[in-house]
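The structure under discussion appears below in the form of structure tokens.
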Amino acid sequence: MLSIQNIKAWADKHLKGDPVIWSVVFALGMLSILVVYSATGTIAYFKYGGNTEYYLLRHSFLVLLSFFAMWVAHKVDYRYYSKISRLALWLSVPLLIFAWQFGVNLNSASRWITIPFINQSFQPSDLAKLALIINLAGMLSKRQQNINDFKKALIPMLLWCGVICGLIAMTNLSTAILLFLTCMLLLFIGRIPVKYLAMLAFVGVFAVSIAMVVGQRGETAISRVENFISKENIPFQAQQSYIAVATGGVTGKGPGNSSQRNFLPEAFSDFIFAIVVEEYGMIGAGIVIMLYLTLLYRGMKAAAASGRAYGGLLSAGLSFAIVIQAMVNMGVAVGLGPITGLPLPLLSMGGTSLLFTGIAMGIILSVSRGEIEETPDALSKKQFSNLPKKEAA
Amino acid sequence: MNIKKSILLRVRLAFLAIVIFAGAIMYQIFHIQWMEGDKWQKMAEEINMSYQEVKATRGNIYSDNGSLLATSLPFYKVAFDPTIAEESLFRESIDSLSLMLSKSFGQTATYYKQKITSARQKGKQYIFLSNDLIGYQKKKEMETWPIFREGRLGGGVIFTKTDKRFRPFSNLAFRTIGFLNENDYGAGLEYSFNKYLAGTNGKALFQKISGSSWRPVNDGSEIRPKDGFDIQTTIDINLQDVSESALLSHLIKHDADMGCVVVMEVKTGEIKAISNLKKLSNGKYGEVYNYAVGSHGLREPGSTFKLASYMALLEERNIQLSDSIDTGDGELKFYKEKVRDHKPGGYGTISIRDAFEKSSNIAIAKLVDETFRENPQRFLDYLKTMGVTQPLGFQMIGEGKPNIPPIKQWSGITLPWMAYGYGLELTPLHTLTLFNAVANNGRMIRPLLVKSIKSTDKEINTFKTSVISDQICSKETLNKLRTMLEGVVENGTASNINNAEYKIAGKTGTAQSLKDGRYVRQYYTSFAGYFPADNPKYSAIVVMDNPKGYQQYGSDVAAPVFKEIADKIFALDLNMHEEYQLAEKPETGIFPVVQAGNKSDLSAMLNYLGVSNHTEGQELEWVRASIHNNSIKWEPNNQHQQGLVPDVRGMTLRDALYLLENTGLNVVVKGKKGRVSQQSQYPGMRALKGSTIKLDVG
């Protein structure tokens with residue numbers, strides 16, 4: 001029988017770690033299905049001749065898939081991620097180069113690789129981002145004892161940051177800048193002295209200018225920033241987004257009642273927050289922001305609770321990476337920054353980004369569980385005690 | 001732990017920063033909603049956007065062998081958003097861009113520079129640079145111009161595409177290919193097959209700008225248009241050309257009001273040519289209506305309909321062609337009205353066969369009247385069996401339906417008048433279909449104009465030959481009718497088109513025109529028939545309305561057009577005739593190899609071999625060898641004048657190909673090596689460009 005008790009029992013048994021994080025992710029997942037369904041109405045109507053359920057089903061499936069990825073990820077002891085991620089980091093270098101040179105061109109940037117056989121496009125920068133942050137957490141925790149040693153402590157980390165961010169910058173400048181800033185934040189949290197960080201910021205500015213010249217996105221970035229600063233030529237997307245925000249009011253137009261989805265390009269990904277405000281109003285927007293802040297807070301709590309510096313840095317790094325991106329995306333939608341083209345994590349439609357966000361959440365949960373092998377007896381006891389209930393269910 | 005504390009402190013600092021940023025987002029929402037709310041609300045109402053249709057590219061219409069009859073060519077209108085280009089680029093390139101615009105569109109360079117610069121200053125985002133439509137090549141070129149080469153997003157150039165319908169053969173079969181106007185109404189194949197040709201329009205988001213023009217918001221379209229399918233017709237470009245030019249020259253000769261020709265392949269019902277020409281108010285002829293098919297082409301057929309009457313008669317009664325009939329003195333009264341024969345004084349007593357061949361109206365009126373007077377329904381039943389009472393079910397919209405009055409409206413003279421083609425209306429195509437059925441051994445085939453519908457090279461739909469009636473009459477009747485139809489050309493009203501090379505069978509028709517309820521002295525002349533009579537391959541009908549001058553009868557006006565078209569088709573169609581046997585074999589004898597060819601080549605070769613050869617008299621280019629004692633004498637090879645089929649027998653293939661192809665003939669070669677032994681077109685006959693000549697080699 002399906003009842004609250006049964007669900008709770010099932011969740012207790014299968015969903016380990018911080019229940020608040022689980023709840024927040026489920027809540028955002030549900031909201032994501034609702035808003036994406038509404039926002040894709042127009043495009044589905046056009047591309048699939050009125051079959052508006054096409055994107056609903058596809059997106060729901062991907063949300064479920066990302067939950068599954070999260071579940072698998074949270075089952076793994078977080079210490080293993082250090083090794084896996086080193087492999088992933090090495091792997092992401094050729095993948096990024098491949099995407100840059102031979103990738104599939106969407107919206108005039110080749111960020112995608114099509115995986116042969118299953119024919120699914122895949123953004124290597126999502127993998128690289130995750131791998132870099134995990135690695136950085138690992139490297140930082142190992143060097144806590146001699147953190148002031150510039151050569152030993154800083155150089156390897158800076159090298160990785162530079163290589164990965166640099167390669168991503170070739171095709172996707174805003175993701176690279178954001179990742180770089182996240183890394184800087186992580187280095188700051190990891191007690192790297194501020195004077196080094198200042199130097200690093202200088203190097204970053206230099207790297208960005210190189211990427212603008214060499215990469216594919218320099219001109220786009222310049223014109224977007226120019227548009228943002230000048231305030232005279234508000235770009236079409238931004239205009240439509242502000243109209244969505246303005247017409248949403250306090251309580252919104254109600255689920256599925258957006259009219260700006262017809263005109264707002266990428267309403268289901270980059271500008272989904274505008275649709276949230278339009279349909280659910282300022283109240284809805286406040287709840288979404290609160291959900292992200294809750295996520296960050298719980299991730300931070302996991303960091304505090306973790307016995308090792310590695311767990312703390314890992315949890316903090318991943319939480320900040322996700323929430324910073326969310327804040328930047330929402331900030332763009334309401335006009336706090338130039339147009340970036342970043343999706344809103346956990347809410348936007350999109351295959352691989354959803355999947356990797358799921359994995360990141362799983363790792364945060366894994367940290368919140370603590371070190372699994374430390375209490376093997378407790379674990380097995382718990383499992384046995386739950387056996388009869390499983391049969392009942 | 002000191003390290004952990006330090007880390008946690010830093011985490012909390014960062015968290016605080018994020019919370020502040022979140023607060024800023026909330027404030028910004030508040031700001032947009034409450035401080036700027038009115039502005040955005042107003043903009044929401046003002047920005048007039050809508051999804052508009054993006055036209056799909058229309059499909060092509062092809063001839064039977066894949067030549068394009070109609071196609072859509074893309075043309076572009078050049079618009080420009082002068083606010084997009086960056087200042088440095090703009091300043092650098094505006095002069096050269098203006099100069100290029102000036103060279104292409106006529107205004108001075110200063111004009112364009114001022115126009116663009118002022119629009120840029122005013123912030124106008126959409127200006128037309130010229131009202132001219134440019135072609136695809138021009139567009140490609142313009143995309144390399146300064147500023148324009150930065151594309152839509154960087155430079156601001158906007159090409160809006162419109163398709164224009166283009167007919168490579170201009171007015172050939174104009175009305176059959178047809179057209180479609182703005183309201184999706186039109187004529188011909190373009191209209192009848194519009195649902196296939198049109199494709200499905202796409203949709204794109206457009207924003208209204210000053211006035212009534214719309215500007216596309218994004219570069220592509222939200223729903224891509226699906227291009228239309230192509231249709232392949234049965235029209236043969238060569239036959240169409242031949243038919244149209246023959247019809248035109250005769251229309252001009254007789255100063256007729258209107259004429260039409262339909263040529264059909266007997267076995268398949270495929271329409272190979274269809275032409276309708278009407279005299280326009282400026283005195284020239286043009287296609288304005290498909291008289292052969294459409295309802296305005298419905299006319300009283302006149303004597304060509306006698307075929308149907310005789311068919312009914314021969315089926316109903318056991319009449320032999322040699323049986324006699326008294327046609328009297330050329331006038332026969334039915335009630336108050338008189339049936340007249342063409343010959344003054346009448347034909348007297350003649351055989352049935354003569355009556356048909358000479359087209360006696362009295363004979364058929366009398367015979368039908370006495371046979372079917374008591375039971376006219378039976379006559380109609382026969383017509384029904386022949387398929388002339390029902391619409392053809394032709395592929396084009398607007399087919400003229402046979403107009404045969406129901407029996408309850410008949411008077412005493414309806415039946416005898418109907419017997420020779422009055423009091424009922426048929427389209428020329430319908431009459432032709434009946435003649436074609438006779439040519440096709442009694443099997444009536446539905447005329448076919450469109451063979452298939454294709455999407456690039458994939459066939460979507462094919463239209464096969466379909467049968468209206470398997471047997472319209474008995475074999476016996478059919479043989480009699482065919483004998484009589486051949487007789488019309490051999491010794492009847494159309495003996496003027498008799499010829500030795502192939503046999504034509506057919507029937508002339510000359511109907512008086514009905515104007516405002518009265519028959520006037522204007523004639524609707526026609527000739528319908530088929531050829532070669534022994535093994536019919538094509539049937540055709542020629543109609544000419546109101547010829548003026550001395551000649552006004554079907555035999556003099558329509559039949560010669562038929563003959564001209566048939567002659568040309570006969571020459572073009574290799575499969576239709578037997579090869580010409582060699583009239584005179586080139587001499588063999590002791591010099592078997594050298595028979596005919598280019599003189600300088602041949603004598604050079606013989607001189608090298610030490611064989612004596614000589615010419616008498618003038619210098620010759622193309623020669624034939626004859627043996628003179630122990631030497632070769634070059635005789636002139638006559639038929640190599642311009643426009644005549646050259647005599648290539650005895651020549652090597654290389655010489656033969658050179659000569660024949662220079663004359664404009666297509667050459668088909670049978671055999672592998674040796675010299676030409678036979679040629680299918682007779683030397684010295686007028687060469688028809690594009691026709692095929694078959695050579696036997698060996």
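The shown structure was predicted, so the numbers you read here are calculated from the model rather than taken from an experiment. Throughout, protein chains are lettered first and strands after them, A, B, ... in sequence-line order, and every chain is numbered starting at 1.
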query: Relative to A:Tyr310, does A:Lys142 satisfy both conditions: NZ or CZ under 6.0 angstrom from the six-membered ring centre, and within 45 degrees of the ring's axis?
result: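 No cation-pi geometry.
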Distance under 6.0 Å and angle within 45° of ring axis: A:Arg261 vs A:Phe268: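 Verdict for A:Phe268: no cation-pi partner in A:Arg261.
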Structural part of [X] lying under 4.5 Å from a heavy atom of chain B:
{"X": "A:Ile289", "result": "side chain"}
{"X": "A:Ala304", "result": "both"}
{"X": "A:Val323", "result": "side chain"}
{"X": "A:Val328", "result": "backbone"}
{"X": "A:Leu185", "result": "side chain"}

- prompt: Is the A:Phe320-B:Phe15 ring centre distance short of 6.0 angstrom?
  reply: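 For A:Phe320 and B:Phe15, the ring centres are not under 6.0 Å apart.
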query: Taking the six-membered ring for Trp, are B:Tyr126 and B:Phe128 ring centroids under 6.0 Å apart?
result: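 Yes, close enough.
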A:Gln260 versus A:Glu278, side-chain donor and acceptor atoms under 3.5 Å: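 There is no such pair between these side chains.
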message: For the residue pair A:Ser315 / A:Lys301, report whether a side-chain donor-acceptor contact shorter than 3.5 Å exists.
response: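 No donor-acceptor contact under 3.5 Å links the two side chains.
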task: Flag the one option from A:Gly249, A:Ala316, A:Gly190, A:Gly248 with the top tally of heavy-atom pairs under 4.5 Å to chain B.
output: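 Of the candidates given, the most pairs with chain B belong to A:Gly249.
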- request: Can you tell which part of B:Ile32 gets under 4.5 Å to a heavy atom of chain A, answering side chain, backbone, both or neither?
  value: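 It is both, since atoms from each part get that close.
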query: B:Leu13 versus chain A, heavy atoms under 4.5 Å apart: side chain, backbone, both or neither?
result: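 Just its side chain gets close to chain A.
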query: What residue, out of B:Trp40, B:Phe30, B:Trp34, has the most heavy-atom pairs lying under 4.5 Å from chain A?
result: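 Highest number of heavy-atom pairs under 4.5 Å: B:Trp40.
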Interface residue of largest heavy-atom contact number with chain A, from B:Gln41, B:Arg12, B:Gln33, under 4.5 Å: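 Of the candidates given, the most pairs with chain A belong to B:Gln33.
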message: Please determine whether a side-chain nitrogen of the Lys or Arg among B:Lys113 and B:Asp95 lies less than 4.0 Å from a carboxylate oxygen of the Asp or Glu.
response: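 So B:Lys113 pairs with B:Asp95 through a salt bridge.
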